[in-house]
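Data block below; observations after.
Basis for what follows: all heavy atoms, side chains included, without hydrogens, waters or symmetry-related copies. Convention: sequence-line order gives letters A, B, ...; per-chain numbering from 1.
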Protein chains: 2
Amino acid sequence: MINAENRIDMKTLQEYLIKKGINPSFQRLKILEYLMENNTHPTVDNIYNALINIIPTISKTTIYNTLKLFVEKNLAQTITIDENEVRYDGNVEPHAHFKCIKCGKVYDIKIDSANFDYNEVDGHKVLECHIYFKGICKNCINM
Amino acid sequence: MINAENRIDMKTLQEYLIKKGINPSFQRLKILEYLMENNTHPTVDNIYNALINIIPTISKTTIYNTLKLFVEKNLAQTITIDENEVRYDGNVEPHAHFKCIKCGKVYDIKIDSANFDYNEVDGHKVLECHIYFKGICKNCINM
DNA sequence: GTATCTGCAAAACATTTGCAATTCT
DNA sequence: AGAATTGCAAATGTTTTGCAGATAC
């Protein structure tokens with residue numbers, strides 16, 4: 001879906017929203033575009049601060065509403081790697097995350113899908129499995 | 001540390017706090033006792049509502065302060081399995097958690113320590129590894 | 001014209017902070 | 001008395017809610 005310059009055309013995004021049963025308003029398109037083009041696991045505030053330059057009238061309420069809708073329709077997932085900061089990820093495939101305690105950046109980590117393949121643990125039915133790491137990222141380790 | 005009735009005597013708790021470099025005030029002892037006797041991964045509110053019956057003057061500020069101190073001194077760890085609810089766990093050994101999406105209960109899951117033994121992922125230095133599952137617990141699955 | 005979507009303002013929560021009162025030794 | 005601890009009240013920050021106006025079909 002993403003080309004070499006990490007840009008996605010609006011038409012593709014629009015079709016994606018419709019396919020998922022979401023009315024493709026301009027705000028929703030831009031929020032989806034931001035999620036797709038930046039795999040930085042943004043907070044609501046991150047998205048708001050980026051989009052206020054493009055849509056000066058956008059409100060945080062709309063961002064909250066839209067992200068909630070995206071999570072319900074499985075276009076995004078929430079990441080709660082740290083207390084008091086909910087982040088959003090447009091990648092809904094199973095994968096792990098790594099958060100650097102120095103720079104705060106959150107990286108995607110590919111994990112052997114076998115490690116994710118729990119049907120049950122201790123007799124409980126497993127529907128989701130989340131894995132995250134904390135430490136020093138490779139950019140910070142040499143500083 | 002815990003006997004058959006899941007009760008711990010105050011003397012033992014007091015020695016534990018002192019060993020960890022914490023002045024054993026009555027409030028701190030009771031918060032530690034609650035954590036140790038209830039492995040229910042309580043929120044600040046859970047602890048407050050339980051202790052207000054024992055110490056009618058206790059404040060949430062004290063609970064926040066004390067838990068922060070316990071985490072610093074490695075007597076407890078925070079669990080952020082769901083956005084907007086920080087839970088505390090008196091078990092600081094590496095282990096996974098399972099949260100039931102029906103009843104909301106959080107269970108401890110023993111995990112082969114080999115699965116926790118990452119030194120590095122993708123070149124990043126790993127200091128902590130957290131794993132949690134969501135699904136339907138064995139008590140809710142037959143209801 | 002009716003449904004939906006947006007965004008302001010207020011409300012609802014959780015957590016932190018400043019500070020004064022209390023407790024402990 | 002002096003240092004640490006506690007707890008009230010206010011501040012902060014994030015997310016939700018109610019609702020009125022705007023937009024889309």
Side-chain angles (χ1 to χ4, degrees), chain A residues 10-11 13-15 17-18 20-34 41-73 75-89 104, chain B residues 10 13-14 17-18 20-34 41-73 75-88 104 106:
Chain A
M10 283 289 136
K11 198 78 193 162
L13 287 172
Q14 198 172 337
E15 282 160 9
L17 283 178
I18 291 166
K20 292 281 193 165
I22 295 173
N23 196 349
S25 74
F26 186 63
Q27 283 84 341
R28 287 169 180 172
L29 277 165
K30 283 299 176 187
I31 293 168
L32 180 62
E33 183 187 43
Y34 186 85
H41 315 86
T43 61
V44 164
D45 219 54
N46 296 151
I47 300 173
Y48 177 77
N49 289 322
L51 293 189
I52 194 76
N53 298 314
I54 302 166
I55 316 169
T57 59
I58 205 165
S59 71
K60 283 196 184 178
T61 305
T62 298
I63 316 236
Y64 278 108
N65 289 341
T66 302
L67 290 171
K68 194 179 174 186
L69 186 67
F70 284 2
V71 170
E72 279 167 18
K73 302 281 189 177
L75 275 82
Q77 63 174 314
T78 58
I79 304 171
T80 50
I81 204 165
D82 256 323
E83 49 259 53
N84 309 332
E85 65 167 32
V86 178
R87 293 170 171 276
Y88 290 85
D89 193 344
Chain B
M10 284 288 134
L13 287 172
Q14 198 171 336
L17 283 178
I18 291 166
K20 292 281 194 164
I22 296 173
N23 196 349
S25 73
F26 185 65
Q27 283 84 342
R28 287 169 180 173
L29 276 166
K30 283 298 176 186
I31 293 168
L32 180 63
E33 183 187 42
Y34 186 85
H41 316 85
T43 61
V44 165
D45 219 55
N46 296 151
I47 301 173
Y48 176 77
N49 288 322
L51 293 190
I52 194 76
N53 298 313
I54 303 167
I55 316 169
T57 60
I58 204 166
S59 72
K60 283 196 185 178
T61 305
T62 298
I63 316 235
Y64 278 108
N65 288 342
T66 302
L67 289 171
K68 194 179 175 186
L69 185 67
F70 284 1
V71 170
E72 278 166 19
K73 301 282 187 173
L75 276 81
Q77 63 174 314
T78 59
I79 304 171
T80 50
I81 205 165
D82 256 323
E83 49 260 51
N84 308 332
E85 66 167 30
V86 179
R87 293 170 171 275
Y88 290 85
V106 176

Working for side-chain contact (heavy atoms from CB on, under 4.5 Å), residues B:Y88 and B:T78: CA-CA 5 Å; B:Y88 290 85; B:T78 59; 3.4 Å; yes

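Rounded to a whole Å, the CD1 atom of B:I63 is 14 Å from the C1' atom of D:dT5. Rounded to a whole Å, the OH atom of B:Y48 is 11 Å from the C1' atom of D:dC8. If you measure from atom CG of B:N84 to atom C1' of D:dG13, you get 12 Å, rounded to the nearest angstrom. What separates CG of A:L17 from P of C:dC5 is a distance of 11 Å, to the nearest Å. The CG atom of A:N65 sits 16 Å away from the P atom of D:dC19 (whole-angstrom rounding). Straight-line distance from the CZ atom of B:F26 to the C1' atom of C:dC24: 15 Å, rounded to whole Å. Distance CD (B:E83) to C1' (C:dC13): 15 Å, rounded to an integer number of Å. Spacing between atom CG of A:L29 and atom C1' of C:dC5 amounts to 13 Å, rounded to whole angstrom units.
Under 4.0 angstrom from either OP1 or OP2 of C:dG7 there lies at least one side-chain N or O belonging to A:Q27. Here A:N23 reaches the OP1 or OP2 of C:dC5: one of its side-chain N or O atoms lies under 4.0 Å away. When the side-chain nitrogen and oxygen atoms of B:Y64 are compared with OP1 and OP2 of C:dT15, one or more of them lie within a distance under 4.0 Å. One finds no side-chain N or O of B:T62 lying less than 4.0 angstrom from the OP1 or OP2 phosphate oxygen of D:dT5. Proximity of A:S59 to the phosphate of C:dT6: no side-chain N or O atom is located under 4.0 Å from OP1 or OP2.
Among C:dT6, D:dG7, C:dT15, the nucleotide with an atom closest to any side-chain atom of B:V86 is C:dT15.
Ion pair A:D45/A:K60 flagged as a salt bridge, since at least one NZ, NE, NH1 or NH2 atom sits closer than 4.0 Å to an Asp/Glu carboxylate oxygen.
Taking CG from A:L17 and CG from A:N23, the interatomic distance works out to 9.0 Å, rounded to the nearest 0.5 Å.
With both pairing distances under 3.5 Å, C:dA11 is matched to D:dT15 as a Watson-Crick or G-U wobble pair. Under the Watson-Crick and G-U wobble criteria, each requiring two contacts below 3.5 Å, nucleotide D:dT23 is left unpaired.
With a glycosidic angle no further than 90° from 0, C:dA3 counts as syn.
Between the side chains of A:N46 and A:T43, a donor-acceptor pair is found at a separation under 3.5 Å.
Take the nearest nucleotide of DNA chain D for A:T61 and for B:S25: the residue whose nucleotide is more 5' is B:S25. Comparing B:K68 and B:D45 by the nucleotide of DNA chain C whose heavy atom lies nearest to each, the residue mapping closer to the 5' end is B:D45.
Considering every non-hydrogen atom in both B:I31 and B:I63, the closest pair reads CD1-CA, 4.0 Å.
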